[in-house]
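Single-structure report; data block below.
Below, chains carry the letters A, B, ... as their sequence lines are ordered, and counting in each starts from 1.
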Amino acid sequence: MKAKKTKKISIPKAYEPQKVEERIYKTWEKSGYFNPDKLPNKKSRKQKFFIPMPPPNATGILHMGHTLMLAIQDAQIRFHRMCGKKTLWIPGTDHASIATQNVVEKLLLKKGITKEDLGRKEFLKEVDKFVKNSKNTIKTQIKKMGSSCDWSRERYTLDKGMSEAVKTVFIKMYNDGLIYKGFQMVNWCPRCSSTLADDEVNHKEINGNLYYIKYPIKDGGFLTVATTRPETMLGDTALVVNPQDKRYLDFIGRTSVMPITKREIPVLADDYVDIEFGTGVLKVTPGHDPNDFTLGKKHKLDVIDIFDDKGKIDKKSAQYHNFEKYEGLDRQQARKKIVKDLQNEGYLIKIEPHKHNVGHCYRCETIIEPKVSSQWFVAVNKKIHLKNSKTKKSLKQKATEAVKSGKIQIIPKRFEKTYFHWMENLHDWCISRQIWFGHQIPAYDCLDCEEVIVAEKKPKACPKCKSKRIIQTPDTLDTWFSSGLWTFSTLGWPKNTKDLKEFHPADLMETGYDIIFFWVARMIIMSEYALGTIPFKKVYLHGLVRDAKGVKMSKSLGNVIDPLEMSEKYGADATRLSLIIGNSPGNDLKLSEEKIASFRNFSNKIFNIARYTILNSKPKKIISKNLTLADKWILKKLNTLNEELTEHYQNIELSQAGEKLREFIWGDLADWYVEISKTQKQDVLKDVLRQVLVLAHPLIPFLTEYLWELAGFKKGDKKLLIVEPWPKKIKLSSSKNVEQDFQMLKDVIVAIRNIRSEYKIEPKKKISAILHSKKRKTLFEHKEAIKLLAGLSDIQIEKSGKKPQNCAEAILKDSTLYIPMGDLIDPQKELTRIQKELKEAIEFRASIQRKLDNQEFIKKAPKHIVKQQEEKLKEQNKKIKNLEDKLRFF
RNA sequence: GGGCGUAUAGCUCAGUUGGCUAGAGCGCUUCGUUGACGUCGAAGAGGUCUCAGGUUCAAGUCCUGAUACGCCCACCA
């Protein structure tokens with residue numbers, strides 16, 4: 001109970017992460033341990049563990065989503081590194097073609113410059129300049145979070161090696177007939193002036209209208225068409241009705257003279273048309289609707305493209321097809337004007353409000369225009385002989401099998417269904433983009449004979465017509481085409497490198513569920529195609545980080561919580577913990593500054609436990625003899641913690657790992673063991689601290705490494721915590737009953753505290769207690785602890801004895817506690833207390849009794865459950881008897 | 001139109017294969033300057049586990065249905 005004098009080692013009173021994090025990170029970097037080739041005990045590292053880091057966009061700044069991914073991956077990497085695996089985490093950045101080009105375009109526009117002003121070459125120089133700069137920013141930020149990734153292997157999706165990989169795959173796919181150029185309906189973003197893949201289009205419900213328009217028929221009569229997009233009528237090339245539709249039988253085969261343009265189009269029959277919808281008459285615009293395109297193909301209709309690349313009514317088309325008066329109007333303007341004209345000329349019958357889904361660009365939110373053009377596609381349904389496959393299979397089949405066979409495991413499992421569903425419905429993937437920034441397609445067009453040549457280098461002459469007028473296709477590739485190669489291109493593919501052989505496939509792919517299709521699916525397709533293997537064994541999908549109210553964070557809403565600001569304020573460890581604890585795969589996370597602050601408190605608590613241990617623990621070396629009940633208890637708890645954490649880390653259940661850690665450190669260690677240790681001549685604090693630091697390190701890297709050093713566990717420059725082997729369980733002899741015995745000790749202390757609280761006894765005031773207990777010896781060992789923790793001046797512990805007078809009492813499992821109150825005793829208070837306790841006990845006993853009276857329960861429930869109930873009953877009976885005895889005195 | 005998820009204390013969430021007098025953190029109430037920590041400690045209040053059925057000796061946990069909220073996918077003009 002005498003407070004130990006703290007020695008004069010100067011350790012600050014509170015943890016100041018700002019002062020240590022940067023230094024610790026540099027120490028790690030200098031050690032070389034981020035690099036698997038420089039790890040200690042190299043020979044014994046038989047297993048490997050590899051994570052390719054999802055590359056953040058090169059232009060971005062770090063947001064909570066990144067921080068979350070870094071925290072999870074770093075925890076995994078650190079755990080497996082400590083477990084003795086050869087661990088590799090490759091960092092990198094993504095060039096994010098459309099996104100980056102948009103950003104730079106906007107910046108230039110502020111200076112009044114368009115990209116066309118600069119020309120392709122100069123513009124790309126500008127982009128590169130910009131990327132170079134922001135790449136460094138994000139790199140520094142990744143380091144700030146403590147990420148232990150191998151910077152010597154850092155990659156960029158547009159670096160030389162990557163371009164090599166992209167070219168190789170493209171050419172191989174082309175030669176295998178899996179990449180083709182085709183004239184097809186694609187999603188066109190008029191703002192970006194580029195195509196988009198199907199999954200880059202977001203469908204949103206829009207309150208639109210259905211316009212009913214009269215189409216006059218030659219030789220009399222008219223048909224009424226319902227459309228949501230009247231402006232597309234400029235490109236109509238037919239009307240179609242269902243041949244079963246009796247209303248229109250007479251019209252089939254006749255000709256309509258269209259309103260406005262007065263073009264003549266046929267009335268056709270096709271059972272594609274839904275009789276029920278609208279008027280049952282469909283206007284066909286093969287140039288601007290995917291269905292109409294298919295229908296048009298079937299009926300060999302002309303395709304009229306009425307828009308230019310910016311989504312405005314095209315000049316040439318307007319001249320040719322007789323709608324010059326709309327030339328240059330954008331889609332909205334054209335719609336307005338056409339509706340007005342239709343109305344004036346008496347062709348508009350009515351307008352009905354109509355909800356429908358409209359596609360939007362996922363980058364800039366502009367409404368997508370379906371448009372027919374010549375683009376490059378990956379054929380996903382074409383069956384060929386793929387690597388490591390005996391029979392002919394399509395890319396889609398291979399990618400589906402990879403998951404279905406269990407070779408790839410998706411966490412959480414429910415996303416496997418989503419994945420299959422998406423794969424089943426996958427159409428050919430449009431991979432060409434009319435963007436300047438990106439991997440330019442390795443295809444060359446002969447300007448004289450229009451021959452297309454796919455090759456690594458520009459051919460000297462056209463193989464067909466020998467012309468030398470050859471240019472490279474201006475289009476670039478979809479960003480996801482190159483990031484699809486990420487798991488193996490980062491390892492040096494197409495060269496057959498040592499890294500590739502050693503590390504592929506990755507052990508874990510950790511990314512957001514929002515890019516399961518964009519990226520995860522593409523990586524599976526690409527790896528199966530190029531290498532004939534899976535890209536990774538596990539996919540762990542994290543959710544979105546939202547604000548405290550569950551709203552998506554966005555600059556415009558001003559609800560963004562900045563990870564760097566938070567790390568500066570509360571420490572990177574606290575920021576990481578706030579994202580890990582209370583989070584589960586596939587679910588969104590609500591984050592608030594308060595939550596982060598609460599983990600700062602936790603860090604500080606750990607710091608102070610360590611501080612106390614360093615300054616006061618006795619002895620400084622591991623002991624195993626003469627352990628007290630408390631010593632054995634905390635060591636046993638530590639063993640359990642070790643076991644549980646090991647499993648949680650292995651299964652990527654980091655939230656549970658974090659909670660268990662907090663429970664142990666704050667609950668068991670700080671609130672109980674540290675306090676009790678103050679009454680002991682020697683303790684095991686140092687051993688416990690040592691192991692706790694190891695177990696906590698994957699989740700709390702900075703602080704633990706710092707304390708490791710402070711506590712003197714770091715023996716020699718190379719012995720950093722980051723490479724400390726994962727601890728084995730501590731051997732404990734004779735630890736039977738430790739938990740029950742310690743629980744009894746806790747119960748006694750809590751009971752006294754309770755009485756103090758009820759009687760409002762000042763904490764300063766020391767009182768005495770008398771304890772009659774069957775386990776006298778066990779409690780006696782920690783007599784001083786009871787005194788310290790319950791604020792007693794004195795305690796008598798006897799096997800049994802006479803009931804003392806004027807006491808507050810508490811009935812415990814094997815003991816009865818008396819607190820002499822003298823005049824302070826309030827019989828009424830005691831009576832109420834006992835009565836309340838008795839009532840609860842009786843109710844509880846009744847519920848157990850009911851169970852035990854039930855013959856079915858006795859017959860069918862497992863033996864140990866029945867026994868458990870019987871014991872509970874006994875316990876309650878004893879308690880009730882004691883309480884009733886006490887009542888008799890009142 | 002198809003599919004999926006969630007519903008437990010004021011808030012954020014745990015609750016493994018059914019055995020629970022239903023837990024934690026934050027918040028709240030009362031009390032406290034016990035030399036590791038006020039970024040702390042002690043004690044406490046607070047829940048018919050969304051609703052209705054069912055299976056079972058036993059249901060927060062499994063099944064069916066309903067309701068609410070959320071998400072994803074989709075070319076019906």
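Nucleotides B/G10 and B/A45, compared at atom P, are 15 Å apart to the nearest Å. Of the C1' atoms belonging to B/G47 and B/A22, the separation is 8 Å, rounded to the nearest Å. Nucleotides B/G25 and B/U8 place their C1' atoms 15 Å apart, quoted to the nearest Å. Atom C1' of B/U17 sits at a distance of 38 Å from the matching atom of B/A74, rounded to the whole Å. Nucleotides B/U50 and B/G70 place their C1' atoms 16 Å apart, quoted to the nearest Å.
Both the sub-6.0 Å distance and the 45° axial angle are satisfied by A/K678 relative to the ring of A/Y612.
In the set B/A24, B/A74, B/G19, the nucleotide with an atom closest to the side chain of A/H203 is B/A74.
A/E276 comes within 4.0 angstrom of nothing in the nucleic acid, heavy atoms only. Within 4.0 Å of A/H864, counting heavy atoms only, lies no atom of the nucleic acid at all. Here A/D274 lies in heavy-atom contact (under 4.0 Å) with a base. Using a 4.0 Å heavy-atom cutoff across all strands shown, A/V674 reaches at least one base atom of the nucleic acid. Here A/V225 lies out of heavy-atom contact (under 4.0 Å) with every strand. Residue A/Q868 is classed as a sugar-phosphate contact, given heavy-atom separations below 4.0 Å to backbone atoms only. Nucleic acid contact class of A/R756 (heavy atoms, under 4.0 Å, all strands): none. Among the heavy atoms of the strands lying under 4.0 Å from A/P862 is at least one base atom, whether or not backbone atoms are also near.
In this model, the phosphate group of B/C4 is approached by a side-chain N or O of A/K417 to a distance below 4.0 Å at OP1 or OP2. OP1 or OP2 of B/U21 has at least one side-chain nitrogen or oxygen of A/K872 nearer than 4.0 Å.
A/F607 meets the ring-ring contact (aromatic ring centres under 6.0 Å, His included) test with A/Y15; sequence neighbours excluded. Scanning for side chain to side chain donor-acceptor pair (under 3.5 Å) contacts around A/K637 gives an empty result, with sequence neighbours left out.
With hydrogens and angles ignored, a donor-acceptor pair closer than 3.5 Å exists between the side chain of A/E675 and the base of B/A36. Between the side chain of A/N357 and the base of B/A74 there is at least one donor-acceptor pair of N/O atoms closer than 3.5 Å.
Side chain of A/T285 to main chain of A/G287: no donor-acceptor pair is present (N/O by atom type, distance under 3.5 Å, no hydrogens or angles). Looking at A/K595, its side chain does come within 3.5 Å of a backbone N or O of A/S578 through a donor-acceptor pair. The main-chain N or O of A/P370 is never found under 3.5 Å from a side-chain atom of A/N187 such that the two would form a donor-acceptor pair.
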Protein heavy-atom contacts under 4.0 Å, written 5' to 3' over nucleotides 39-45 of chain B as B (base), S (sugar-phosphate only) or - (none), form the string BSSSSS-
Close N/O contacts between protein and nucleotides 11-15 of chain B (under 3.5 Å):
residue	atom	partner	partner atom	Å
B/U12	OP1	A/K590	NZ	3.2

Its dot-bracket string being built from Watson-Crick and G-U pairs below 3.5 Å, with | for another strand and [ ] for crossing, RNA chain B has the pattern (((((((..((((.....[...)))).(((((.......))))).....(((((..]....))))))))))))....
Quiz: residues 414-425 of chain A side-chain donor-acceptor pairs under 3.5 angstrom, not counting sequence neighbours:
residue	atom	partner	partner atom	Å
A/R414	NH2	A/N587	OD1	3.1
A/E416	OE1	A/K413	NZ	3.2
A/E416	OE2	A/I410	N	3.2
A/Y419	OH	A/A399	O	2.8
A/H421	NE2	A/N425	ND2	3.3
A/N425	ND2	A/H421	O	2.9

